[in-house]
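Following: one structure in structure tokens, then a few remarks.
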Amino acid sequence: MDWLKIIHILCVMGWMTSIFAVPRALIYWKRDFAKTGEFGPIGDLTYRLYRFSAGLMVIALITGIWLGAAVFAFAPWVWVKLGLVALLFVHYMMTGGMVMRAKKGEFRESDMYLRIFNEISVFGVIAILWVVITKPF
């Protein structure tokens with residue numbers, strides 16, 4: 001089970017990189033697009049980062065559910081963690097919608113919105129870490 005935990009943590013780290021970086025990259029992509037009117041390297045990098053992290057997210061979710069069942073017998077804290085992860089998943093899907101629109105040259109969100117949206121995920125991760133480390137339930 002140690003290998004499963006290692007794979008889970010690695011994939012979570014990769015997914016979190018995207019959750020934290022892509023909304024910020026959208027700000028720079030938006031500014032670059034306003035100047036050039038082209039997709040450009042920032043857009044390419046942002047799109048590729050989002051797409052790559054989707055695979056990491058799937059692996060993280062599968063290994064997390066497997067660990068929750070096999071190691072922790074779906075203890076109550078595991079359900080709380082999964083609920084918080086579901087909220088991060090929604091955040092990630094919303095980010096994906098923004099990336100897909102940006103790929104078409106459509107930037108609806110302001111820089112301020114994207115900054116706040118970016119920081120919201122930090123609170124979600126802190127909550128998840130608290131539940132995993134303290135196992136309060």
Side-chain angles (χ1 to χ4, degrees):
M1 283 298 160
D2 288 340
W3 277 107
L4 192 63
K5 289 178 186 178
I6 290 168
I7 291 168
H8 178 68
I9 291 168
L10 263 168
C11 290
V12 167
M13 289 169 50
W15 184 35
M16 290 303 105
T17 300
S18 175
I19 284 178
F20 297 146
V22 171
R24 176 61 69 176
L26 280 166
I27 294 170
Y28 299 117
W29 186 1
K30 178 182 174 182
R31 291 176 184 169
D32 186 55
F33 187 83
K35 288 180 186 174
T36 66
E38 297 177 2
F39 184 68
I42 296 173
D44 186 53
L45 177 66
T46 305
Y47 176 74
R48 287 174 185 267
L49 176 61
Y50 182 81
R51 192 177 65 189
F52 175 73
S53 67
L56 296 175
M57 175 198 63
V58 169
I59 297 168
L61 291 173
I62 290 169
T63 56
I65 292 169
W66 189 344
L67 287 166
V71 176
F72 302 109
F74 284 119
W77 69 267
V78 173
W79 289 107
V80 173
K81 177 191 173 190
L82 289 173
L84 292 167
V85 169
L87 293 175
L88 273 183
F89 176 79
V90 169
H91 181 278
Y92 184 75
M93 292 295 110
M94 290 173 67
T95 303
M98 290 182 248
V99 168
M100 294 306 126
R101 284 195 310 274
K103 194 172 179 190
K104 297 174 187 172
E106 184 181 330
F107 296 89
R108 294 181 193 168
E109 295 77 14
S110 68
D111 289 6
M112 181 62 77
Y113 175 88
L114 290 169
R115 284 189 185 104
I116 292 168
F117 184 78
N118 189 29
E119 300 305 324
I120 288 171
S121 61
V122 173
F123 292 110
V125 172
I126 290 170
I128 290 169
L129 289 172
W130 180 78
V131 169
V132 169
I133 290 169
T134 65
K135 296 176 181 57
F137 312 104

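- Residue-environment remark: CZ (F107) exceeds the threshold of 12 foreign heavy atoms within 6.0 Å.
- Using a 4.5 Å heavy-atom threshold, the side chains of R24 and L114 count as separate.
- Between W29 and F39, some side-chain heavy-atom pair lies under the 4.5 Å cut-off.
- Closest heavy-atom contact between L26 and A102: CD2-CB, 3.9 Å.
- With sequence neighbours excluded, the residues satisfying ring pair (Phe, Tyr, Trp, His ring centres under 6.0 Å) with F74 are W79.
- Just one residue in the list F137, F72, W130 forms a ring pair (Phe, Tyr, Trp, His ring centres under 6.0 Å) with W77, and that residue is F72.
- Counting only distance, with no hydrogens or angles, the side chain of H8 and the backbone of A60 share a donor-acceptor pair below 3.5 Å.
- With rounding to the nearest 0.5 angstrom, the CG atom of L10 is 8.0 Å from the CD1 atom of I7.
- Rounding to the nearest 0.5 Å gives a distance of 10.5 Å between CD1 of I27 and OG1 of T46.
- No more than 12 heavy atoms of other residues, nucleotides or ligands sit less than 6.0 Å from atom CZ of F89.
- For the pair L56 and G14, the tightest heavy-atom approach, listed with the atom from each and the gap, is CD1-CA, 3.6 Å.
- The nearest pair of heavy atoms linking K5 to L67 is CG-CD2, 3.8 Å.
- One finds the CZ atom of R51 at 8.5 Å from the CE atom of M100 (value rounded to the nearest 0.5 Å).
- Taking 4.5 Å as the limit, some side-chain heavy atom of V12 sits within range of a side-chain heavy atom of M16.
- In this structure, K135 contributes its side chain and V132 its backbone to a donor-acceptor pair below 3.5 Å.
- M57 is connected to V125 through a chain of hydrophobic side-chain contacts under 4.5 Å among Ile, Leu, Val, Met, Phe, Trp and Tyr, so both are in one cluster.
- The nearest pair of heavy atoms linking F33 to E38 is CD1-O, 3.2 Å.
- Aromatic ring orientation, Y92 versus Y50: parallel (interplanar angle below 30°, classes split at 30° and 60°).
- Hydrophobic clustering (ILVMFWY, side-chain heavy atoms < 4.5 Å, transitive): V85 and I62 are in one cluster.
- Remark: I9 CD1 to T63 OG1 distance equals 9.5 Å, nearest 0.5 Å.
- Counting heavy atoms from C-beta on, the side chains of I19 and T95 never come closer than 4.5 Å.
- Between the H91 side chain and the F117 main chain, a donor and an acceptor come within less than 3.5 Å of each other.
- Under a hydrophobic clustering in which Ile, Leu, Val, Met, Phe, Trp and Tyr are joined whenever their side-chain heavy atoms come within less than 4.5 Å, directly or via other members, I120 and L88 fall into different clusters.
- When hydrophobic clusters are built by joining Ile, Leu, Val, Met, Phe, Trp and Tyr residues whose side-chain heavy atoms come closer than 4.5 Å, directly or via intermediates, I116 is not grouped with V22.
- Sorted by first then second residue, the side chain to side chain donor-acceptor pair (under 3.5 Å) pairs that include residues 102-115, not counting sequence neighbours, are R31-D111, R101-E109, E106-R108.
- No chain of hydrophobic side-chain contacts below 4.5 Å, direct or via other Ile, Leu, Val, Met, Phe, Trp or Tyr residues, connects W3 to W66.
- M112 CE: 12 or fewer foreign heavy atoms inside a 6.0 Å radius.
- Within the structure, side chain to side chain donor-acceptor pair (under 3.5 Å) contacts touching residues 12-22 (residues at least two apart or in different chains) are S18-S53.
- Heavy-atom minimum distance, I59 versus C11: CG2-SG, 3.3 Å.
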